[in-house]
K.L.:
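Have a look at this one before I ask anything.
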Amino acid sequence: MTKRTLLDRIKPKPPHAPGSEIAPEFWRTKSLAQMNEAEWEALCDGCGKCCVISLEDADTGELYRTDVACKLFDAAACGCSDYANRKSKAPDCVKLTPKNVPKLDWLPPTCAYRLVSEGRELYWWHYLISGDRESVHLANASARNKTRPEGRLKIPGLMKRIVQWPEPLDDPPAKGRGRRR
Ligand code: SF4
Ligand code: SF4
């Protein structure tokens, strides 16, 4: 098995603010290549799953997801702890681009960039849909508090950490049940 690369963690900016460069419903009207920088950054749902290590079977190409995250991933904050210096500290980190998104099979199927690239709609939990950045966690669609750090683990150790990630909720939980992590 080979260790797959990790990718860029993008911090979204508030969408549709007065004077914003972010067009309303840009994710429905623009392709990835047509988005400006602000829109591109706003597309990330903050799930953090792209910072979790996957293993690929060299013979079959099958991907196995682990519960081990990049050493820079802050599990509680669900984000990169040193975004500005990630390239020097985590050389495997891959920056997403309109060109490489369709080729990165290790992106989670729920990734907003992948969805837009495939001409699909964002899920209900995306904050651009729900208006709430907590929705991705509420839907069980994020890596928040679900990973352990990479540490010194090599391939054999990573193979023992292969897990089945939970399926996100299909619909928002009924009101009154409280929020779940
Ligand atoms: S998987 Fe996609 S949507 Fe989720 S944090 Fe990574 S880039 Fe953002
Ligand atoms: S350096 Fe690691 S934690 Fe930071 S964005 Fe890249 S993969 Fe994610």
Side-chain angles (χ1 to χ4, degrees), residues 3-16 22 26-28 32 35 38-55 63-84 86 89-90 92-96 100-101 104-118 120-151 153 158 161-181:
K3 181 179 159 187
R4 296 306 302 259
T5 52
L6 308 164
L7 63 102
D8 218 357
R9 169 75 174 85
I10 300 161
K11 293 194 184 304
K13 295 172 184 171
H16 314 150
I22 299 177
F26 66 92
W27 63 95
R28 291 181 176 133
L32 292 180
M35 292 178 191
E39 290 165 342
W40 177 269
E41 293 188 357
L43 186 56
C44 179
D45 66 11
C47 76
K49 285 187 170 177
C50 53
C51 302
V52 177
I53 295 172
S54 295
L55 299 169
L63 281 177
Y64 297 91
R65 301 191 190 278
T66 72
D67 64 356
V68 178
C70 168
K71 62 185 177 184
L72 293 189
F73 187 67
D74 181 331
C78 201
C80 187
S81 61
D82 196 355
Y83 188 73
R86 68 196 187 286
K89 292 190 175 178
D92 282 348
C93 184
V94 175
K95 181 175 174 58
L96 291 186
N100 69 13
V101 165
L104 299 176
D105 60 354
W106 45 273
L107 274 178
T110 53
C111 173
Y113 295 87
R114 187 166 175 173
L115 293 173
V116 170
S117 165
E118 294 170 354
R120 298 168 60 197
E121 173 61 332
L122 302 180
Y123 288 96
W124 69 265
W125 67 73
H126 197 297
Y127 81 99
L128 290 170
I129 306 294
S130 70
D132 182 355
R133 289 175 190 269
E134 279 292 304
S135 301
V136 66
H137 310 302
L138 180 66
N140 218 7
S142 80
R144 188 168 77 178
N145 292 329
K146 295 189 182 76
T147 61
R148 54 151 289 170
E150 184 176 4
L153 282 180
L158 288 170
R161 306 294 310 187
I162 291 172
V163 294
Q164 199 73 36
W165 279 76
E167 286 296 320
L169 301 182
D170 287 334
D171 301 294
K175 283 183 181 173
R177 286 188 196 162
R179 292 188 163 180
R180 302 194 324 189
R181 284 191 175 185

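Everything numeric here is computed off the predicted structure, so don't read it as measured data.
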K.L.:
If you look at every heavy atom in Ala141 and Cys47, which pair is closest and at what distance?
P.N.:
O-CB, 3.6 Å
K.L.:
State, with a plain yes or no, whether a side-chain heavy atom of Val136 is found less than 4.5 Å away from one of Arg144.
P.N.:
no
K.L.:
So do Arg161 and Ile53 actually touch side chain to side chain, heavy atoms under 4.5 Å?
P.N.:
no
K.L.:
Looking at every heavy atom in both Val101 and Ser117, which two are closest together, and how far apart are they?
P.N.:
CG1-CB, 3.8 Å
K.L.:
Using 0.5 Å steps for rounding, measure from the CZ atom of Arg28 to the CZ atom of Arg120.
P.N.:
14.5 Å
K.L.:
Distance check, rounded to the nearest 0.5 Å: Leu55 atom CG versus Leu158 atom CG?
P.N.:
5.5 Å
K.L.:
Do Asp67 and Val52 come within less than 4.5 Å of each other through their side chains, counting heavy atoms only?
P.N.:
no
K.L.:
Do Lys146 and Pro166 make a side-chain contact, defined as non-hydrogen atoms from C-beta onward lying under 4.5 Å apart?
P.N.:
yes
K.L.:
Within the 4.5 Å heavy-atom criterion, are Tyr113 and Leu43 side-chain neighbours or not?
P.N.:
yes
K.L.:
Find the distance between CG (Leu32) and CG (Leu115) and round it off to the nearest 0.5 Å.
P.N.:
10.0 Å
K.L.:
Between Tyr123 and Asp45, does the side-chain contact (heavy atoms from CB on, under 4.5 Å) criterion hold? Intermediate values first, please.
P.N.:
CA-CA 10 Å; Tyr123 288 96; Asp45 66 11; over 6 Å; no
K.L.:
Measure across Cys51 and Phe73 and return the closest heavy-atom pair with its distance rounded to 0.1 Å.
P.N.:
CB-CD1, 3.6 Å
K.L.:
Show the nearest heavy-atom pair for residues Ala42 and His126, with the distance to one decimal.
P.N.:
O-CE1, 4.1 Å
K.L.:
Are Phe26 and Leu128 packed together at the side-chain level, in the sense that at least one heavy-atom pair is separated by less than 4.5 angstrom?
P.N.:
yes
K.L.:
Can you check whether Trp165 reaches Lys49 side chain to side chain, under 4.5 Å on heavy atoms?
P.N.:
yes
K.L.:
Looking only at non-hydrogen atoms, find the nearest pair between Trp40 and Leu96 and report the distance.
P.N.:
CZ2-O, 3.4 Å
K.L.:
How would you list, by chain and number, every residue that makes a side chain to side chain donor-acceptor pair (under 3.5 Å) with Thr147, sequence neighbours excluded?
P.N.:
none
K.L.:
Within the distance-only criterion (no hydrogens, no angle test), does the side chain of Trp124 pair as donor or acceptor with the backbone N or O of Asp170 below 3.5 angstrom?
P.N.:
yes
K.L.:
Please enumerate all residues that pass side chain to side chain donor-acceptor pair (under 3.5 Å) together with Ser142, with sequence neighbours excluded.
P.N.:
His137
K.L.:
Quick one: closest heavy-atom pair of Arg65 and Ser54, and the distance?
P.N.:
NH1-OG, 3.3 Å
K.L.:
Measuring from atom CG of Asp132 to atom CH2 of Trp125, what distance do you get when rounded to the nearest 0.5 angstrom?
P.N.:
14.5 Å
K.L.:
At what distance, to the nearest 0.5 angstrom, does NZ of Lys89 lie from SG of Cys70?
P.N.:
11.0 Å
K.L.:
Would you call Tyr127 and Glu134 a side-chain contact if the rule is heavy atoms closer than 4.5 Å?
P.N.:
no
K.L.:
Is the number of heavy atoms from other residues, nucleotides or ligands within 6.0 Å of CD (Gln164) greater than 12?
P.N.:
no
K.L.:
What's the spacing between Leu107 CG and Arg114 CZ if we round to 0.5 Å?
P.N.:
6.5 Å
